[in-house]
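Take a look at the structure below.
Start at 1 and go down the list; that is how both ligands and their atoms are numbered.
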Amino acid sequence: MQAALKMLRLRSRITPLCLQSVRSASTAAASRNESFATLEDKDRNFFREVLGDSNVITDTDALQPLNEDWMGKYAGKSKLALRPKSTEQVSKVLAYCNDRRLAIVPQGGNTGLVGGSIPLFDEVILLTAGLNQVISFDAVSGTLVCQAGCILEHLDSQVSAQGFTMPLDLGAKGSCQIGGNVSTNAGGLRLLRYGSLHGSVLGIEAVLADGTVVDALQTLRKDNTGYDLKQLFIGSEGTLGVVTAVSLLCPPRSSSVHVCYLAVPDFATTQKVFVKARQRLGEILSAFEFFDQQALDLTLKHLEGIRNPLPDTQTPFYLVVETSGSNEEHDNEKLQSFLEEVMEEEMVLDGTIAQDSAQIAGIWGIREGISVALKHAGPVYKYDLSIPVAEMYDLVEETRQRMAHLPVEVVGYGHLGDGNLHLNVSCQKYDDEILRHIEPFVYEWTAARRGSISAEHGLGQMKAECIRYTKPQPVVDLMLQVKNTFDPNGILNPYKVLPQVMAVAQ
Ligand code: FAD
Ligand code: MLT
Ligand code: ZN
């Protein structure tokens, strides 16, 4: 055991005391929709009048990072980004763009992983970063009302000062914005505990393509008056409206948090440990994450400052199990009896429990660091799938076999407790030959098991043509009708989410 990492080690038997920039080939549209106008001086002048000079970005260097996604996989050619600071300004900008048929891409923290926030051609980028005010917080109900551009981590710090936590947490929390989270219906590390944003979001204010402000910014737990339209904006990836403000329910912050890191011999056993965790930990279980040895190796290789909590152990799978509760003694007792059982039954070969917040952060640093390590390793093809848990890892193994002759590294990790696999193929360059070995194989494999080709990242431009693998045609047709009702000219985030041929045909 390393002194610096004072974790208590669990091995074999546990005594009670111990238990303390290249465009992907799968891009949505190959050619620009010529029904959209191109920018003219009069447009830039109008935007300067409404937003002020400093919020109209035309400088090539300043536009470059806005035209590129977090992975460096998608690149756009926008010549203009706008930074409105109020809902009224968003409304004026959209009404104008709609009249002029100028296409718009909403962009929040630009941490999305499917190219949704990146223009394909010369679409105008609408930045939400200027909408960054907290409007109110009710410390009795835990209801937060804020503008869409607030950064998730900042919101969490603010509500934490009042004894609450944000109902979602993800590795990109330092950059992603709540409006982006809602628009992608982000899942993250604690969905298992707090559910999806479809439950936590109480209200939304959004601006439609024609500038209409939809004020559905309620703060009510219960409201059965007609259709719940806010739900349509959750996960619609900026194709139905620009979300300008959100109200959401924050759960109380847990005073007792424990995190353990467990080494497991095979994938079938990860599920047995999960069943046991739900039985023994019950209401305090707050996260159940997994990654394979390949993901761990890659993270240790590419990220500085990451320590392997079990340096002497090599096993195919690792789990991060977190409990969050309010009674240290009670939570500890539960965790100990869970760990005793899984060790005695030899489901877990080795493990550690974090002893303080630094060690908790250390363990989470490995799990959250996987995406960053993959980025450091080079280009990566990312797949985010919902698959029945029992079969989930078969896909990683089959993909590995199919690609054994290619210079790639296939890794698997994800939110096991939610049935969400992240299959990643790391390579040296984006290459159609590599892609041909992954797609449509991965989508067909998932569809054959009635899974979803997007569990939490969305469809964006990466999978706009692929929705049929998960949704039957009548459902896609209904979505196209909804899109047409909200945005008849199709100016909002074109070439994303829905198949282009059909969207244009509408
Ligand atoms: P952006 O990337 O800017 O935009 C995403 C989409 O939403 C785009 O289609 C954009 O047009 C649209 N959009 C953004 N803001 C608005 C708005 N106000 N109104 C209308 N449309 C809007 N995702 C998960 O689900 N779970 C994870 O665990 C997770 N972990 C991640 C870890 C890392 C290191 C990284 C880089 C990403 C991770 N992601 C994860 C993906 C990403 O962070 C989420 O999708 C996040 O919700 C995107 O927020 P954003 O503000 O960056 O949005
Ligand atoms: C995660 O769970 O780490 C995120 O969804 C990001 C990713 O898939 O890389
Ligand atoms: Zn994820």
May I ask whether H415 has any heavy atom positioned less than 4.0 angstrom from an atom of ligand 2?
yes
For the Zn ion (ligand 3), decide whether D384 has an N, O or S atom at a distance under 2.8 Å.
no
Hey, does the side chain of N493 reach the backbone of E237 with a donor-acceptor pair shorter than 3.5 angstrom?
yes
Atom indices of ligand 1 within 4.0 angstrom of N493 heavy atoms, with elements:
9 (O), 11 (O)
Please determine whether the number of non-hydrogen atoms from other residues, nucleotides or ligands lying under 6.0 Å from atom CZ of R402 exceeds 12.
yes
Locate the shortest heavy-atom distance separating L374 from V380; write the atom from each residue and the value.
CD2-CG2, 4.2 Å
Between F441 and Y383 (judged by ring centroids, cut-off 6.0 Å), do the two rings come close enough to count as a pair?
no
Between the side chains of S117 and N110, does any donor sit under 3.5 Å from an acceptor?
yes
The NE2(H415)-the Zn ion (ligand 3)-NE2(H422) angle, to 10°, is 100°
Which one of E368, R367, H457 has a non-hydrogen atom at the shortest distance from atom 1 (C) of ligand 2?
R367
Tell me the protein heavy atom at minimum distance from atom 19 (N) of ligand 1, and give that distance in Å.
V243 N, 2.9 Å
Is H457 close enough to the Zn ion (ligand 3) to have an N, O or S atom under 2.8 Å?
no
Got the closest protein heavy atom to atom 38 (C) of ligand 1, with its distance?
L113 CD1, 3.8 Å
Less than 3.5 Å between some nitrogen or oxygen of A148 and one of ligand 1, yes or no?
no
Should G112 be counted as touching ligand 1, given the test is an N or O pair under 3.5 Å?
yes
Looking at G238, which atoms of ligand 1 are within less than 4.0 Å of one of its heavy atoms?
20 (C), 21 (N)
Residue, atom and distance of the protein heavy atom nearest atom 5 (C) of ligand 1 read T184 CG2, 3.5 Å
List every atom of ligand 1 that sits less than 4.0 Å from any heavy atom of G116, numbering the atoms from 1 in the order shown and giving each element.
8 (C), 9 (O), 11 (O)
Ligand 2 to K382, heavy atom cutoff 4.0 Å, flagged ligand atoms 7 (C), 8 (O), 9 (O)
Please check whether A186 reaches ligand 1 - meaning an N/O of the residue sits under 3.5 Å from an N/O of the ligand, judged on distance alone.
no
Just checking, is any N or O donor in the side chain of E456 or H422 under 3.5 Å from an acceptor N or O on the other one?
yes
With a 4.0 Å cut-off, would you call D43 and R100 a salt bridge?
yes
Ligand 1 to P106 polar contact by distance, N or O atoms, under 3.5 Å:
yes
With the Zn ion (ligand 3) as the reference point, give the N/O/S atom of E456 that is nearest.
OE2
Closest heavy-atom pair and its distance - V105, G116:
CG1-O, 3.8 Å
Mind listing the closest non-hydrogen atom pair of L421 and G412 along with its distance?
CD1-CA, 4.4 Å
Is any NZ, NE, NH1 or NH2 atom of the basic residue among E289 and R367 found under 4.0 Å from an Asp or Glu carboxylate oxygen of the other?
yes
Is the closest heavy atom of L113 to ligand 2 under 4.0 Å?
yes
Ligand 1-proximal atoms of L189, by part, heavy-atom distance under 4.0 Å
neither
Which of the numbered atoms in ligand 1 are under 4.0 angstrom from any heavy atom belonging to N181?
46 (C), 47 (O), 49 (O)
Could you check whether any heavy atom of G460 sits closer than 4.0 Å to an atom of ligand 1, since that is the contact criterion I want to use?
no
Ring geometry between F164 and F137 (parallel below 30°, tilted from 30 to 60°, perpendicular above 60°):
perpendicular
Hey, which atoms in ligand 1 end up nearer than 4.0 Å to a heavy atom of E237?
9 (O), 11 (O), 12 (C)
Which ligand 1 atoms are under 4.0 Å away from a heavy-atom of T128?
18 (N)
In terms of residue, atom name and distance, what is the protein heavy atom nearest to atom 1 (P) of ligand 1?
N110 N, 3.6 Å
Nearest option to atom 31 (C) of ligand 1, as decided by whichever heavy atom of G241, A206, A172 sits closest:
A172
What's the shortest distance from atom 22 (C) of ligand 1 to any protein heavy atom, and which residue and atom give it?
S183 OG, 3.2 Å
Between F121 and F36, is the gap from one ring center to the other below 6.0 Å?
no
Of all the non-hydrogen atoms in the protein, which one sits nearest to atom 29 (C) of ligand 1, and at what distance?
L170 CD1, 3.5 Å
Considering only the protein, which heavy-atom contact is closest to atom 52 (O) of ligand 1, and what is its distance?
T111 OG1, 2.6 Å
List the atom of P119, the atom of Q461, and the distance in Å for their closest heavy-atom pair.
O-NE2, 4.4 Å
Output the list of atoms in ligand 1 that are nearer than 4.0 Å to some heavy atom of V242, sorted by atom number.
19 (N), 20 (C)
Can you name the nearest heavy-atom pair linking L492 to G238, along with the distance?
CB-O, 3.7 Å
Do the charged groups of R400 and D292 touch, with an N to O distance under 4.0 Å?
yes
Nearest-neighbour protein heavy atom for atom 7 (C) of ligand 2, which is reported as residue plus atom name and distance:
Y413 OH, 3.3 Å
Check K173 with E368, please: is the shortest side-chain N to carboxylate O separation under 4.0 Å?
yes
Closest protein heavy atom to atom 23 (N) of ligand 1, given as residue, atom name and distance to 0.1 Å:
H457 CD2, 3.6 Å
Determine the minimum heavy-atom distance between T323 and S286, stating which atoms define it.
C-OG, 3.6 Å
How about F274 and F290: are their ring centroids closer than 6.0 Å?
no
Please state which protein non-hydrogen atom is closest to atom 6 (C) of ligand 2 and give its distance, to 0.1 Å?
S371 OG, 3.5 Å
